[in-house]
**Q** 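There's a structure below that I have some questions on.
Note that these values count all heavy atoms, side chains included, but never hydrogens, waters or copies made by symmetry. Along the sequence shown, residues carry numbers from 1.
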Amino acid sequence: MKKSVLDLTEEEAIAELAFLAKRISELDIAYHRDDAPLVSDAEYDKLKHRNEAIEERFPTLIRQDSPSLRVGAQVAAEFQKITHTVPMLSLSDIFSEEDVYAFVEKIHRFLGIPDSEDIEIVAEPKIDGLSFSAVYENGKLMTGATRGDGSIGEDITANLKTIRQIPLSLHQNEDLFDVPPQKIDIRGEVYMSKPDFFELNQIQAEKNKKIFANPRNAAAGSLRQLDASVTAQRRLSVFAYACGEVNPITWKTHYEFLEQLKKWGFPVNPEIRVCHNTQEMIRFFNELTEKRSSLPYDIDGVVYKVNDLSLQKRLGFIARSPRWAIAHKFPAEQAVTRLNTIRIQVGRTGALTPVADLEPINVGGVIVKHATLHNADEISRKDIREQDMVVVQRAGDVIPQIVRVLTDKRPIDSYAYEFPQVCPVCGSRAVREGEDAVTFCTGGLYCPAQQIEALKHFVSKDALDIDGLGDRNIELLFEKGWVKNTIDLLNLQKNHELELIGLTGWGLKSANNLFDAINKVKSGVSLDRFIYAIGIREVGEATARLLAHNYISWSNFQSAMCSDSALEQLLHIEGIGPIMAQYIVDFFQEEHNCQLLNQLSRQINITDYVAPIKKETPLSGKSIVFTGTLETMTRAEAKAKAQSAGAKVVSAVSAKTDYVVVGVNAGSKQTEAEKLNIKQISEKEFNQMLDV
């Protein structure tokens, strides 16, 4: 018979707490991962209660991997930020069998591997949940984070610890010397199973609380709780499937890593399969499509990953995603509803975007009330009219759109929709530029919609992240005439401090909080966030980071974009196409934009871009030109490696070129390098500089 907790010595308490932590963890894995409980619920609860009782008597002995840490923590004031040492990038999407073939062909072409040689691909169900990062040091869980913007996530360490499937300590098999790395960032997806989702909504309904639209929303809402005890009350599950930073790495393939995750105590999806050719990949996708509805969790496609880690390393990354992985999304789910009205929205770039206001309808577990109509051509081509019955789908299971009109159900008094020729906000002419299908307001910053939307974007979370300036407050300040542009916003305290403090709904504290947030932005904003914030057409967060990575400082970027070679420079950056490059150049050719940027850069300290996990190499900051045929890699691979090492790859030799990498049968570029006395290096020397 066990001793009473009151009679335990400190040495006995230490030993029993170690036993309980290990035993309860084993039971958690058997119950949650293997669906094979080893003891009854009552027996499990006894162990938990004894652990809690011992900790209550000996609070200084609470272990880092204690089961009690899974019951939640006190309310935090706000989520802290965690910087990912290796960015959590998103995946590119494909939607057809032809896209699968193209993905595999592109890998062969990049690596220079003949199509006749198969490359192993691991196919995994794409879980519809919320991505997480869990960092372990010497086998112990240290921090947990959301994906965030890919570079910086929210600290959810306490919340992750409440999920029983996440081991607080990585399991070790001492007989096999299965020791975890000194440090490893394990990544995966937090989700809520369908049964747990239905049970949660039933509980929410009984308590007259929020009903969640789908399991993903329920999982996200449960995980991102400031009070981790709320997370602990929700039944969340996880699948692990990737890693970020790891030191050292002991496996050679992705599949070996997945097997290792199981040994450490992480759940890994049982549907994962190694495919040896494109036909097997497509077969897996079709099988999973049929099985999708019967799975106890939601999936929205299949993820394909190159299995060989050495090939993954060679393939590397582009701005938004890895070259060695892609997501094959399921066909969109559809439903029929009525289109009530067509409404025109004017965005921050002046684009007139038609939006369909629909009778609310459930599409794939989400209530859809609106759908994009893209542009005037789309409305005309599909002959979409108000009061039509339409088929709606969520493209990629995300963006609602109208597939077709059910013309046999069309009202007799129906008439074709006429796209407006004037801006519905300011009355300026609305025109189409060249062959562009998009219609734009010509009012520019005269148009209130563009001014307001530009301001909303400028202060948004992913841009300058100014607390206290939500959409309503921006609209209020705009209506008052106090803030018409970003400069007005930065000077708000100087020009309207007393007026704001005296405004209904505001006061000294709230106004000072806003002024502090604005002054914080003035004190320092990273280059990538600033580029995103200024609102260049089609330049999202990933492209802003890509530009910042290439130009490092605001002065470099601004002078480059105002030069005659701006377009040529942009086209040499992998991930930026001709259309986007032209949009960027056009932005800097507008005089009023340049004037505004000069004023902003005088008031805001725009800090140089610091790329994550980049180490200095002999190629950092160097300008490189390749000439001739390379023997150990393709030209695309060499360019990608050079850029990853911090170099800038250009197409022509000039006095500013640092190195010319000379391959077999080099041409005129080598001759030009000799004339300008530019240093020439061999392919072998180039590889040695990469390995430093």
**Q** Would you say the side chain of L489 lies within less than 4.5 Å of the side chain of I466, judging by non-hydrogen atoms?
**A**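 They are in side-chain contact.
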**Q** Looking at side-chain heavy atoms only, is the closest gap between T146 and F132 below 4.5 Å?
**A** no
**Q** About how many Å separate OG of S651 and NZ of K639, when rounded to the nearest 0.5 Å?
**A** 8.5 Å
**Q** Quick one, I604 and F530 - any side-chain contact, counting heavy atoms below 4.5 Å?
**A**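 Yes; the side chains approach each other to less than 4.5 Å.
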**Q** Do N214 side-chain atoms and R216 backbone N/O form a donor-acceptor pair below 3.5 Å?
**A**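 Side chain of N214 to backbone of R216: a pair is present.
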**Q** Among side-chain atoms of D462 and S460, is any donor-acceptor pair under 3.5 angstrom?
**A**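 Per modelled atom types, D462 and S460 side chains form no pair under 3.5 Å.
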**Q** For R234 and L223, indicate whether the former's side chain and the latter's backbone hold a donor-acceptor pair under 3.5 Å.
**A**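 No, because the side chain of R234 does not come within donor-acceptor range (under 3.5 Å) of the backbone of L223.
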**Q** Using the salt bridge (Lys or Arg N to Asp or Glu O under 4.0 Å) rule, take D377 and R432 through it: C-alpha gap first, then chi angles, then the decisive distance, then the call.
**A** CA-CA 11 Å; D377 285 353; R432 287 178 58 162; 2.8 Å; yes
**Q** To the closest 0.5 Å, what do you measure between OG1 (T543) and CG (D528)?
**A**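 Rounded to the nearest 0.5 Å, the OG1-CG separation comes to 12.0 Å.
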**Q** For F110 and L315, which heavy atoms make the closest approach, and how far apart are they?
**A**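 Closest heavy-atom pair between F110 and L315: CD2-CD2, 3.6 Å.
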**Q** Salt bridge check, R273 against E280: does any charged N sit closer than 4.0 Å to a carboxylate O?
**A** no
**Q** Looking at L455 and T486, what are the two nearest heavy atoms and their distance?
**A** CD2-N, 3.8 Å
**Q** Do S90 and S321 get their side chains close enough for a donor-acceptor pair, meaning under 3.5 Å?
**A** no
**Q** Dump the intermediate steps for side chain to side chain contact (heavy atoms under 4.5 Å, CB included) on V392 and L339, then the final yes or no.
**A** CA-CA 10 Å; V392 180; L339 190 163; over 6 Å; no
**Q** What verdict does the salt bridge (Lys or Arg N to Asp or Glu O under 4.0 Å) test give for E453 and K456, after you've listed the backbone C-alpha separation in whole Å, the side-chain angles of each residue and the deciding distance to 0.1 Å?
**A** CA-CA 5 Å; E453 293 305 316; K456 289 177 181 177; 3.6 Å; yes
**Q** For a 4.5 angstrom cut-off between non-hydrogen side-chain atoms, does C426 reach Q450?
**A**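 When only atoms from C-beta onward are counted, Q450 and C426 do not touch, as no gap falls below 4.5 Å.
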**Q** For side chain to side chain contact (heavy atoms under 4.5 Å, CB included), just list the numbers for M561 and Q589, CA-CA rounded to whole Å, side-chain angles, deciding distance to a tenth of an Å, and then say yes or no.
**A** CA-CA 9 Å; M561 292 305 97; Q589 286 181 346; over 6 Å; no
**Q** Who are the salt bridge (charged side-chain N to carboxylate O under 4.0 Å, His left out) partners of E359, not counting sequence neighbours?
**A**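 By the salt bridge (charged side-chain N to carboxylate O under 4.0 Å, His left out) rule, E359 matches no residue at all.
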**Q** When rounded to the nearest 0.5 angstrom, what is the spacing between CD1 in I531 and CD in Q558?
**A**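 I531 CD1 to Q558 CD: 10.5 Å, rounded to 0.5 Å.
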**Q** Measuring from K329:NZ to D93:CG, what's the distance to the nearest 0.5 Å?
**A** 4.0 Å
**Q** Is it true that Y191 and F239 have ring centroids separated by less than 6.0 Å?
**A**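 Between F239 and Y191, which both carry aromatic rings, the centre distance is below 6.0 Å.
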**Q** Where is the tightest heavy-atom contact between I487 and Q599, given as atom of each residue plus distance?
**A**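 Looking at all heavy atoms of both residues, the closest pair is CD1-CB, 3.4 Å.
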**Q** Would you say L597 and F588 make side-chain contact, with heavy atoms under 4.5 Å?
**A** yes
**Q** Could I get the full list of side-chain contact (heavy atoms from CB on, under 4.5 Å) partners for Q387, not counting sequence neighbours?
**A**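 Partners of Q387 by the side-chain contact (heavy atoms from CB on, under 4.5 Å) criterion, ordered by chain and then number, come out as R338, N340, P411.
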**Q** Is there a donor-acceptor contact under 3.5 Å from the side chain of R529 to the main chain of A463?
**A**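 Flag set: sc R529 to bb A463 pair under 3.5 Å.
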**Q** If you compare all heavy atoms of L358 against all heavy atoms of H370, which two are closest, and at what distance to 0.1 Å?
**A** CD1-C, 4.0 Å
**Q** Kindly compute the distance separating NZ (K305) from CD1 (I121), expressed to the nearest 0.5 Å.
**A** 11.5 Å
**Q** Are side-chain N/O atoms of T289 and N286 paired as donor and acceptor at under 3.5 Å?
**A** no
**Q** Looking at every heavy atom in both F197 and A218, which two are closest together, and how far apart are they?
**A** CD1-CB, 3.9 Å
**Q** Keeping the roles fixed (side chain from D99, backbone from F95), state whether a donor-acceptor pair exists under 3.5 Å.
**A** yes
**Q** Do K484's NZ or CZ and the ring of F478 fall within the cation-pi criteria of under 6.0 Å and 45°?
**A** yes
**Q** Under a 4.5 Å cut-off applied to non-hydrogen side-chain atoms, are I606 and V525 in contact?
**A** no
**Q** When you look at M281 and N277, which way does the side chain to side chain contact (heavy atoms under 4.5 Å, CB included) test go after all the steps?
**A** CA-CA 7 Å; M281 295 164 64; N277 52 53; over 6 Å; no
**Q** Calculate, to the nearest 0.5 Å, the distance between atoms CD and CD1 belonging to Q334 and I402 respectively.
**A** 12.0 Å
**Q** Any side-chain donor paired with an acceptor under 3.5 Å for H496 and E499?
**A**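 There is such a pair (donor and acceptor under 3.5 Å, judged by atom type) between the side chains of H496 and E499.
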**Q** So do W506 and L476 actually touch side chain to side chain, heavy atoms under 4.5 Å?
**A** yes
**Q** Taking the side chain as everything from C-beta on, heavy atoms only, tell me whether D488 gets closer than 4.5 Å to W482.
**A**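 A side-chain contact is absent here, since even the closest heavy-atom pair is not under 4.5 Å.
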**Q** Going by the ring pair (Phe, Tyr, Trp, His ring centres under 6.0 Å) test, which pairs reach into residues 449-476, not counting sequence neighbours?
**A**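 Sorted result for residues 449-476: H457-Y532.
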**Q** Please work out which of the three classes, parallel, tilted or perpendicular, describes the rings of H549 and Y609, given edges at 30° and 60°.
**A** perpendicular
**Q** Of K126, E124, H328, which meets side-chain hydrogen bond (donor to acceptor under 3.5 Å, both in side chains) against Y304?
**A**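 Only one of K126, E124, H328 forms a side-chain hydrogen bond (donor to acceptor under 3.5 Å, both in side chains) with Y304, namely H328.
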**Q** In this structure, are over 12 heavy atoms from other groups packed under 6.0 Å from D408 atom CG?
**A** yes
**Q** R385 and D383: which non-hydrogen atoms are nearest, and at how many Å?
**A**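 Shortest heavy-atom contact: NE-OD1, 3.1 Å.
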**Q** Begin from the C-alpha positions of K382 and E378 and carry the test salt bridge (Lys or Arg N to Asp or Glu O under 4.0 Å) through to its verdict.
**A** CA-CA 6 Å; K382 294 180 179 178; E378 179 83 352; 2.6 Å; yes
**Q** Going through the checks in order, is the side chain to side chain contact (heavy atoms under 4.5 Å, CB included) test met by V100 and F285?
**A** CA-CA 10 Å; V100 179; F285 179 84; over 6 Å; no
**Q** Any chance you could lay out the side-chain hydrogen bond (donor to acceptor under 3.5 Å, both in side chains) test for E386 and Y417, step after step, and finish with the verdict?
**A** CA-CA 7 Å; E386 294 181 332; Y417 179 78; over 6 Å; no
**Q** List the steps and the verdict of side-chain hydrogen bond (donor to acceptor under 3.5 Å, both in side chains) for Q401 and T372.
**A** CA-CA 5 Å; Q401 64 181 20; T372 179; over 6 Å; no
**Q** Answer yes or no: is there a donor N or O on one side and an acceptor on the other, between the side chain of N201 and the main chain of F212, under 3.5 Å?
**A** yes
